[in-house]
Amino acid sequence: MTSILKTLNSFQLFNKCLMPRLDMMAVLTRGRRQNPPPKKRHPQWLPKPTHVLYDEALTKENKEFLSEYITSNDGLHKSRESPLNTELIQPSEPWCPKTRRTGLIGKKIGVYPMWLKNGKRVTSTLIQIVDNEVVKYIPPEEYNPVVRSKFKNVKVKNGCLVLGAINIDPQQLTKEYFGIFDKAGVTPKKVLMRFTVSPNAALQPGTPLCAAHFKPGEYLDIRGKTVDRGFQGVMKRWGFKGMPASHGVTKTHRRPGNIGSGGALARVVPGTKMPGHMGNRWRIIRGVKILRVNTKYNVIWVLGHNIPGEINTMCYLYDTILPTKKNTSPHFPTYFQDERTGELPENLYADDLHPFNDPTIEFQPES
């Protein structure tokens, strides 16, 4: 009898002490997924861009004067000239396959059909390069990226270029955010993105970038955020088949069904495909071919319609890292209009793309 009481007491002690710990471990591991939800908070390294608008009681004539002054001087509080008035940073070394150039910030504006020279119809996505300028260069000594490696002391060999896109009204900016552009001497930008570059591919703040940075026929890696679908079920989020429509099925037509967590497990396995937030994740599509470049409106046509993001969203464009599709002779470090080369034509096409101005059928005259 005493042995049975000792066994019961030890079992109760086990339930009081160890079972809460096991439950806490299950709660902690349940939220650890390979694809965590996106962070909604503002990044710490970037100050708050805009402030709360308030009524300044300006007359119509004063508002027109301020808008004219901003457009003529590229800013309301611009106090210093652009560093481009001195001279550009010239590359110290020629381009090599291991060199990393800067990329561009693109805006997805639509999908359009194109035709190849062999008559095949393909779908292309239009990406516009809007007001891209270099805002800041961070050398390798000061660049501190997040390196996911088991070795803690990893030497950083490349630097970082901060690019800005889409000019914004300086009256709507905070003093801290405007100071980033005032120091560089460029127009305030709405979007800022970082690109890892080699030290010999650095560009001076204020350098404008255009669509001619890439050549037709080259391959890109495009990084963007997928379309935000909100909270979705398992059929739309994961492609589940669902339950039968008849044969006694009651109100479980689009439900996931059994998740296999019964028995000794008695918990939800981490990573189980269940309903939740869909989309709004950073995704990269690699090896996208450039079909056409318009130098007048800075528009790039890329092959395919599966570019991440919806219309009017921003994305990263940079040289591909695929070994079989790397560029062989790009503009290094970027395209500079030179007196020797002259201006580029308005439309640049890939070798296998059919230009719209060329005839589709040619008849040879009889001799």
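- Here NZ of K107 is found 12.0 Å from CG of N132. Values are rounded to the nearest 0.5 Å.
- The nearest pair of heavy atoms linking K215 to I290 is O-CD1, 3.6 Å.
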- [ ] Show the numbers, then the answer: is there a side chain to side chain contact (heavy atoms under 4.5 Å, CB included) between S198 and R100?
- [x] CA-CA 5 Å; S198 303; R100 298 190 65 175; 3.7 Å; yes
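- Cluster annotation: Y137 is connected to L163 through the hydrophobic network of ILVMFWY side chains, with a link wherever side-chain heavy atoms come within less than 4.5 Å.
- Of all heavy-atom pairs spanning P216 and L291, the tightest one is CB-O, 4.3 Å.
- Using a 4.5 Å heavy-atom cutoff, the side chains of F356 and M114 are in contact.
- Distance check: W301 CH2 to L353 CG gives 10.0 Å after rounding to the nearest 0.5 Å.
- Atom-to-atom distance recorded for F214:CZ and L104:CG is 4.5 Å, nearest 0.5 angstrom.
- Crowding of D351 atom CG: a count of heavy atoms from other residues, nucleotides or ligands under 6.0 Å not exceeding 12.
- Looking at heavy atoms from C-beta onward, F231 lies out of side-chain contact with H277 at the 4.5 angstrom threshold.
- Residues I129 and H213 are not in side-chain contact: their nearest non-hydrogen atoms beyond the backbone lie 4.5 Å or more apart.
- Side-chain atoms of N167 and K189 form a donor-acceptor pair, as typed in the model, at a separation below 3.5 Å.
- At least one side-chain heavy atom of T196 sits under 4.5 Å from a side-chain heavy atom of Y143.
- Residues C210 and Y335 approach most closely at SG-CD2, 4.1 Å, considering heavy atoms.
- Put simply, L317 and W282 are part of the same group of oily side chains (I, L, V, M, F, W, Y) that touch within less than 4.5 Å, one to the next.
- Proximity of P113 to T123: side-chain heavy atoms (C-beta onward) are nowhere separated by under 4.5 Å.
- Annotation for H305: atom NE2 does not count as buried by contact number, only 12 or fewer foreign heavy atoms lying within 6.0 Å.
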Open item on the list: Would D352 and K117 count as a side chain to side chain contact (heavy atoms under 4.5 Å, CB included) here? Give the steps.
Closed with: CA-CA 6 Å; D352 57 345; K117 289 184 177 180; 5.6 Å; no
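- Residues P188 and L173 share a closest heavy-atom pair of CB-CD1, 3.3 Å.
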- [ ] Tell me, with the steps shown, if I284 and Y316 meet side chain to side chain contact (heavy atoms under 4.5 Å, CB included).
- [x] CA-CA 9 Å; I284 302 177; Y316 291 81; over 6 Å; no
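- Here the side chain of T125 pairs no donor or acceptor atom with the backbone of V302 at under 3.5 angstrom.
- The hydrophobic cluster containing M193 also contains L220, counting ILVMFWY residues as joined when their side-chain heavy atoms lie under 4.5 angstrom apart, directly or transitively.
- Two different hydrophobic clusters hold L303 and I307 under the rule that ILVMFWY side chains link at heavy-atom gaps under 4.5 Å.
- Taking NZ of K251 as the start and CE of M243 as the end, the distance is 15.5 Å to the nearest 0.5 Å.
- Residues L203 and L209 have side chains in contact (heavy-atom distance under 4.5 Å, counting atoms from C-beta outward).
- Not a single donor-acceptor pair under 3.5 Å links the side chain of T295 to the backbone N or O of A211.
- For Y112, the OH atom counts as loosely surrounded, since its 6.0 Å shell holds 12 or fewer non-hydrogen atoms of other residues, nucleotides or ligands.
- Taking all atoms of both residues into account, the shortest heavy-atom contact from Y219 to N327 is N-OD1, 3.4 Å.
- Taking CZ of R101 as the start and CZ of F195 as the end, the distance is 11.5 Å to the nearest 0.5 Å.
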Open item on the list: Working note: N347 + R292, criterion side chain to side chain contact (heavy atoms under 4.5 Å, CB included); need CA distance, chi angles, decisive distance, verdict.
Closed with: CA-CA 7 Å; N347 292 305; R292 177 183 173 187; 3.2 Å; yes
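- Within the 4.5 Å cutoff, the side chain of V299 has heavy atoms near those of the Q128 side chain.
- Considering all non-hydrogen atoms of both residues, P140 and G159 come closest at CG-N, 3.8 Å.
- Salt-bridge formation is detected for the pair R286/D221: a Lys NZ or Arg NE/NH1/NH2 atom is positioned less than 4.0 Å from an Asp or Glu carboxylate oxygen.
- Hydrophobic clustering (side-chain heavy atoms under 4.5 Å, transitive across Ile, Leu, Val, Met, Phe, Trp, Tyr) groups V288 together with M314.
- Looking at Y297 and E346, their side chains come closer than 4.5 Å, going by heavy atoms from C-beta outward.
- Between K98 atom NZ and K326 atom NZ the span is 9.0 Å, to the nearest 0.5 Å.
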